[in-house]
Amino acid sequence: MSGTFYITTPIYYVNARPHLGHAYTTIVADVAARFHSMTGKETFLLTGTDEHGDKVVRAAKAENLSPRVYVDKISALFKTLWPQLNIRYSEFIRTTDPAHIVVVEQVLQKIYAAGDIYFSEYEGLYCFGCERFYTDRELVSGKCPDHETEPEVIKESNYFFKMSRYQDWLISHITRNPDFIRPERYRNEVLSFLKEPLEDLCISRPKTRLEWGITLPFDPNYVTYVWFDALLNYISALGYPDGDRYRKFWPNAQHIVAKDILKPHGIYWPIILKAAGIPLYKHLNVHGYWNVDQSKMSKSLGNVVEPLELKNVYGLDAFRFFLMREMAFGLDAGFNEVSLINRINSDLANDLGNLFSRVLAMAHKYFNGVVPAVDPAIEKEFTLELEQDAIRTIAAYEKDMESFAFHKALASVWEFINQLNKYIDVTAPWELAKKKSSLKQLETVIYNLLEGLRVISGLIYPIMPDTAETMQKHLGMEPDMDAFKLECLKNWKTVASGSKLPKSVTLFPRIDPEKRQMAAQTDTGSAEFAVALKPEISIEEFRKVDLRVATVLQAERLPRAKKLLKLEIDLGGKRTIVAGIAESYEPEDLVGKQIIVVANLKPAKIMGVLSNGMLIAATDKNTKAVATLDKKMTPGAPLS
Ligand SMILES: [Zn+2]
């Protein structure tokens with residue numbers, strides 16, 4: 001596939017510093033642009049700042065700065081933030097750019113000449129926060145719904161844009177193009193708004209009240225309304241009306257906005273375009289809000305840590321992944337540090353990180369880190385349709401990425417990760433490695449696993465570009481955009497046999513949720529567990545261990561032994577065992593729990609107590625977790 005893809009963020013209003021909401025919108029734009037470049041398209045990502053209007057004048061005054069100095073300062077904050085989030089924008093536009101101002105004047109003049117702008121006296125209720133007039137119908141108990149303040153009565157002569165003339169046309173355009181505004185809930189919201197008569201839009205502000213704006217080309221006593229100015233950035237940045245970039249990218253334009261600015265983008269903007277004789281954008285993609293749960297955020301110097309700072313604590317790729325995986329695009333989502341840590345530990349460290357470490361460890365152990373060859377004769381038998389799974393995953397991913405359902409696209413990738421883990425369990429490479437006669441099978445299995453990792457590295461590229469590159473390097477490939485193209489990902493057997501794999505790394509260290517801090521950034525971590533396995537045993541050897549279900553009847557600490565608990569258990573009969581879990585559990589936490597016990601372990605005297613069996617628990621750094629069952633069982637039931 002070729003062609004172009006043009007994606008925009010809103011231009012951010014400079015009356016406040018960048019926050020999580022801005023970061024999310026802009027990361028989405030970056031993810032979408034990177035994904036479309038994987039399909040072979042030429043992409044263009046536009047972002048920038050909206051710098052005119054009352055609110056900017058007031059914010060500047062509050063800091064004792066001139067509007068010009070103030071907008072330069074805040075605009076620079078946005079501009080320098082995006083590279084820190086690995087966002088590669090093509091152009092950063094400011095509405096104070098001279099080239100933008102020229103385009104705004106041209107479009108205003110065009111619409112004015114066509115008779116869609118008229119002059120009229122108007123008396124109305126004006127909210128200074130919103131910089132717009134309100135109708136009684138729009139107010140909530142007489143107050144602005146956004147600012148909860150009473151609007152002031154203002155009487156002035158102004159210029160109005162005849163939006164009402166285009167109402168029926170807009171309804172029919174939205175009805176005939178169901179994807180024009182998506183997800184569907186926002187399309188419905190716009191259509192429901194359009195059921196009421198659309199009022200004409202006041203598009204001027206007298207200079208007596210506001211000077212910080214673009215002067216109307218047909219009346220020097222007025223500046224234009226900030227929205228009319230701002231929306232036009234999407235075409236001025238491309239060099240409208242006859243720039244090469246405008247011709248190339250505008251036919252494939254898509255916008256991303258948060259739901260609070262649905263109306264200007266879903267109603268004003270298409271009507272402005274129509275009135276100016278400019279083709280419409282293709283899609284308006286609307287997302288919900290992040291609700292930050294401050295109670296689940298760590299603090300520094302008594303203040304809640306800003307969500308954006310967490311990228312420095314947990315890593316940028318993990319942060320980007322969380323935002324894209326946790327929010328269903330279009331709906332609101334909760335942001336807190338605990339959920340972020342859980343996602344990192346389960347999806348990244350556990351699922352993806354462990355698979356990567358495990359496969360590379362086997363490639364090093366069995367083949368000295370050289371990518372094995374595949375024998376076509378046995379390939380079919382040992383592929384177990386992994387190739388078809390990859391093709392299916394890529395198809396589902398492509399469809400969901402295309403429609404901004406990023407969380408679903410990632411869920412498909414993680415299903416494929418699970419399939420690879422299952423493939424390891426079924427093919428049991430450690431068994432194949434035992435016999436010389438199964439060498440060819442082992443080669444095929446390891447090769448297929450490396451191929452699976454290559455596909456995954458490509459699919460995560462738009463969301464986690466750095467991790468994708470790290471994975472490729474460790475698969476012995478040159479990190480290269482062509483390798484991330486969907487056409488290449490679909491091409492099974494791309495990893496080159498005979499190439500040398502570098503030493504493995506830990507992609508995502510596990511994070512201790514208690515400490516809410518990064519685990520040490522070393523080469524150990526999860527990889528250590530995957531690599532340093534004990535010598536293999538046979539099933540007969542394993543069957544010698546008699547594992548039983550037991551219910552804990554009583555638990556108490558042992559005097560003078562801070563690590564030990566004494567447990568009375570029911571194992572189909574009463575028994576006493578001693579367990580070294582006192583630093584991770586209070587005695588009362590265990591009473592009533594069903595645990596797993598090695599029932600035929602030779603009894604041993606521990607701190608004066610005869611322990612008749614051993615409880616099974618996992619050890620991870622400084623904490624222990626007792627193995628339990630996910631269903632109630634009769635005490636004494638055997639495990640196998
Ligand atoms: Zn308001």
Side-chain angles (χ1 to χ4, degrees), residues 9-22 25 49-63 67 70-71 74 95 120-161 163-164 186 189-190 192-194 196-214 222-233 257-269 271-272 284 286-292 332:
T9 73
I11 44 174
Y12 302 115
Y13 208 57
V14 293
N15 67 334
R17 288 159 180 278
H19 56 64
L20 179 66
H22 301 120
T25 312
T49 42
D50 183 5
E51 307 186 357
H52 289 127
D54 294 17
K55 277 190 275 189
V56 171
V57 174
R58 269 178 287 146
K61 228 175 233 163
E63 293 199 21
Y70 176 81
V71 297
I74 305 286
T95 53
S120 165
E121 183 161 84
Y122 184 78
E123 186 183 77
L125 297 163
Y126 190 82
C127 173
F128 279 88
C130 300
E131 295 179 25
R132 56 167 281 214
F133 287 100
Y134 272 92
T135 59
D136 285 330
R137 180 162 62 84
E138 290 173 301
L139 298 173
V140 178
S141 333
K143 289 178 176 173
C144 162
D146 287 346
H147 295 89
E148 295 177 2
T149 53
E150 277 184 30
E152 291 173 40
V153 178
I154 286 190
K155 186 177 182 177
E156 61 187 26
S157 294
N158 266 310
Y159 288 89
F160 289 83
F161 175 40
M163 289 214 301
S164 49
Y186 298 108
E189 202 176 312
V190 169
S192 118
F193 186 85
L194 288 171
E196 303 287 335
L198 195 54
E199 286 176 34
D200 291 343
L201 185 68
C202 176
I203 56 138
S204 64
R205 298 291 181 264
K207 282 194 179 169
T208 47
R209 181 149 64 76
L210 175 72
E211 278 196 60
W212 186 245
I214 299 174
Y222 289 85
V223 296
T224 190
Y225 171 46
V226 68
W227 268 112
F228 204 96
D229 162 2
L231 289 163
L232 289 167
N233 92 89
V257 295
K259 64 184 180 183
D260 59 332
I261 48 174
L262 172 62
K263 206 166 130 189
H265 284 83
I267 296 175
Y268 307 171
W269 181 224
I271 293 180
I272 292 172
L284 176 64
V286 187
H287 68 76
Y289 293 148
W290 284 99
N291 300 312
V292 180
D332 292 352

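All ligand and atom numbering here is 1-based and tracks the order in the structure.
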With sequence neighbours left out, write down each residue that passes side chain to side chain donor-acceptor pair (under 3.5 Å) with Glu138, or none if nothing qualifies.
->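 By the side chain to side chain donor-acceptor pair (under 3.5 Å) rule, Glu138 matches Arg132, Thr135, Lys263.
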salt_bridge(Lys259, Glu189) N-O dist < 4.0 Å =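 No, this pair does not count.
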Could you walk me through whether Glu156 and Tyr222 pass the side-chain contact (heavy atoms from CB on, under 4.5 Å) test, one step at a time?
-> CA-CA 12 Å; Glu156 61 187 26; Tyr222 289 85; over 6 Å; no
Listing residue and atom name, which protein N/O/S atoms are closer to the Zn ion (ligand 1) than 2.8 Å?
->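 Listed by chain and number, the atoms are Cys127 SG, Cys130 SG, Cys144 SG, His147 ND1.
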Give a yes or no on whether Asp136 atom CG has more than 12 heavy-atom contacts from other residues, nucleotides or ligands under 6.0 Å away.
->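 For Asp136, atom CG is not crowded (no more than 12 foreign heavy atoms under 6.0 Å).
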Verify the neighbour count for atom CZ of Arg17: are there more than 12 heavy atoms of other residues, nucleotides or ligands below 6.0 Å?
->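 It does not: Arg17 CZ has 12 such atoms or fewer within range.
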Give the ring-plane orientation class for Phe160 versus Tyr122, where under 30° counts as parallel, over 60° as perpendicular and anything between as tilted.
->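 Geometry flag for Tyr122 against Phe160: tilted rings.
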